[in-house]
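Read through the structure below, which is laid out as structure tokens, and then see the notes.
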Amino acid sequence: MAGAVVAPASCPSGQMGSPVCISTTSSNGAGKDLQSQINNITTSGPNINVYTDQTNPSDYWSIGATGVSENSLMFEIAANAGINSFGIYDPNNPKTRLQLFSGTAGAGYTTSLSNPSDGNYVAQYSNANGNFISEQTAHFSTSNLFGYYLTNGADTFYSDPTLNGTSSLYPEGNPNMVAIQGNGETQLQIGTRSPATFLLNEFILAWEDTALASSNHDYNDFVVMVESVHPNANTSVPEPAILGLFGLGLLLMSVAPKLNPRRELSSIAA
């Protein structure tokens, strides 16, 4: 099962936001908090509010009609920046993953994620100058449904909060990721690229790269923009076998009205 983040009744002191409580300051230093960092790369238009503009649910995702999702590494402010790895995972088997950014990637690096056929994904990596580096592929049990993950090498955290354990603040599942949808107005500058509009089919994914109970809740450890995707409205992940049976049932239903009722009755009688 998967589902939306359940907001606590109130945020702890020094934090605010809903459904995820985000620290208003950062232990990394003044101006390193998530809101300040987003403000720093905003060149025009209304400010993005990381506390009130959160997207929920944001556990599982699908690529849009283009079949390709471009991903841009925005910034990392973390001791684990050199080892953090980000990518997508199979909802039915979280250990089946496809890396989108390795620990060596920096601000402005991009990855093109495509879904050319059922369950097959291709990631093509480019550096901050737009030069192609390499590609990797993976096969998932779902045709166009995946979650995002972040791993620090020792621990892995998922966009589905129920996979991250629980705490007194989030007894239904710890949200190590906050998603923020574009508004079609604000201009953001990522790396050395020219400012571009933060579109409605784009999302900022901001992560905590350690267990939430012992983290500083500033969600600036790994921040990436994903585009041409949308959260999947389903709160449960169907098993492939069940999907197959469901599809077969639909096929039989579509054929049934075309059958001759007399022939059906004769077959039953026989």
Side-chain angles (χ1 to χ4, degrees), residues 5 7-8 11-43 47-56 58 71-87 100-111 128 148-159 161 164 167 169-170 174-183 186-193 195 198 202-227:
V5 176
C11 290
S13 176
Q15 299 178 31
M16 57 185 293
S18 182
V20 179
C21 298
I22 301 176
S23 293
T24 57
T25 60
S26 174
S27 58
N28 302 110
K32 299 295 185 181
D33 60 282
L34 181 61
Q35 184 64 67
S36 294
Q37 289 298 301
I38 297 299
N39 291 345
N40 288 343
I41 62 172
T42 299
T43 60
N47 284 340
I48 302 299
N49 190 316
V50 302
Y51 309 110
T52 61
D53 294 341
Q54 299 176 18
T55 298
N56 191 41
S58 59
N71 304 265
S72 302
L73 179 49
M74 299 176 68
F75 55 86
E76 295 179 85
I77 305 176
N80 293 325
I83 58 176
N84 281 337
S85 174
F86 167 82
L100 298 184
F101 292 107
S102 68
T104 59
Y109 275 60
T110 61
T111 299
Y148 291 104
Y149 75 87
L150 181 73
T151 180
N152 60 23
D155 300 304
T156 301
F157 306 100
Y158 302 91
S159 53
N164 299 327
S167 62
L169 190 61
Y170 300 103
N174 288 324
N176 274 69
M177 185 194 85
V178 173
I180 301 167
Q181 184 176 11
N183 55 21
T186 301
Q187 295 268 318
L188 301 177
Q189 182 171 15
I190 299 176
T192 58
R193 284 181 283 169
F198 188 19
E202 297 176 336
F203 293 81
I204 292 173
L205 306 182
W207 291 80
E208 273 297 305
D209 67 354
T210 57
L212 213 57
S214 58
S215 75
N216 56 13
H217 293 257
D218 57 11
Y219 288 88
N220 64 0
D221 297 338
F222 186 94
V223 183
V224 61
M225 179 180 288
V226 296
E227 57 184 84

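Note that the numbering runs from 1 along the sequence shown for the chain. Keep in mind the model is a prediction, meaning the values are calculated, not measured.
Between the side chains of N84 and D209, a donor-acceptor pair is found at a separation under 3.5 Å. Neither side chain, S36 nor N39, offers a donor N or O lying under 3.5 Å from an acceptor on the other. S23 and T25 form no side-chain donor-acceptor contact under 3.5 Å, judged by distance and modelled atom types alone. Checked by atom type, the side-chain pair E208/S215 shows a donor-acceptor distance below 3.5 Å. In this model, a donor atom of one side chain and an acceptor atom of the other lie less than 3.5 Å apart for S167 and N174.
Q35 places a side-chain heavy atom less than 4.5 Å from the side chain of Y51. Annotation: side chain of T110 is not in contact with side chain of L73 (no heavy-atom distance under 4.5 Å). Taking 4.5 Å as the limit, every side-chain heavy atom of L188 sits out of range of all side-chain heavy atoms of T43. Looking at heavy atoms from C-beta onward, I180 lies in side-chain contact with V50 at the 4.5 angstrom threshold. The shortest side-chain heavy-atom distance between F75 and L34 falls under the 4.5 Å cut-off. By the 4.5 Å heavy-atom criterion applied to side chains, T55 and F203 are counted as neighbours. Residues F101 and Y109 form a side-chain contact, since some pair of their non-hydrogen atoms from C-beta on lies under 4.5 Å apart. Looking at K32 and N220, their side chains come closer than 4.5 Å, going by heavy atoms from C-beta outward.
To the nearest 0.5 angstrom, L150 atom CG is 8.5 Å from N80 atom CG. Here M225 contributes atom CE and I190 contributes atom CD1; the two are 4.0 Å apart, rounded to the nearest 0.5 Å. How far CD of E202 is from CD of Q181: 10.0 Å, rounded to the nearest 0.5 Å. Here the OG1-NE2 distance, from T210 to H217, works out to 8.5 Å after rounding to the nearest 0.5 Å. Atom CG of L212 and atom CG of N164 lie 8.0 Å apart (nearest 0.5 Å).
Between S159 and S58, the shortest heavy-atom contact is CB-O, 3.7 Å. Nearest heavy-atom pair across A7 and S18 is CB-OG, 3.9 Å. In terms of heavy-atom proximity, A128 sits nearest to A107 at CB-O, 3.8 Å. When all heavy atoms of T104 and S102 are compared, the pair lying nearest together is OG1-OG, 2.9 Å. Taking every heavy atom of both residues into account, W207 and L205 meet most closely at CD1-O, 3.6 Å. Residues Y170 and C21 approach most closely at OH-N, 2.9 Å, considering heavy atoms.
No donor-acceptor distance shorter than 3.5 angstrom exists from the side chain of Q189 to the backbone of T42, with no hydrogens or angles considered. Between the side chain of Q37 and the backbone N or O of G31, at least one donor-acceptor pair lies under 3.5 Å.
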Exercise for the section: I would like to know whether D218 and I22 meet side chain to side chain contact (heavy atoms under 4.5 Å, CB included); could you show each step before the answer? Expected result: CA-CA 6 Å; D218 57 11; I22 301 176; 5.7 Å; no
Handout entry: Evaluation steps, side chain to side chain contact (heavy atoms under 4.5 Å, CB included), between V20 and Y219
Key = CA-CA 10 Å; V20 179; Y219 288 88; 3.3 Å; yes
Handout entry: Test side-chain hydrogen bond (donor to acceptor under 3.5 Å, both in side chains) applied to D33 and S26, step by step
Key = CA-CA 5 Å; D33 60 282; S26 174; over 6 Å; no
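Applying the side chain to side chain contact (heavy atoms under 4.5 Å, CB included) test between I38 and each of I48, D53, N49, T186 identifies I48 as the sole match.
Relative orientation of the F86 and Y148 rings is parallel, given thresholds of 30° and 60° on the angle between their planes.
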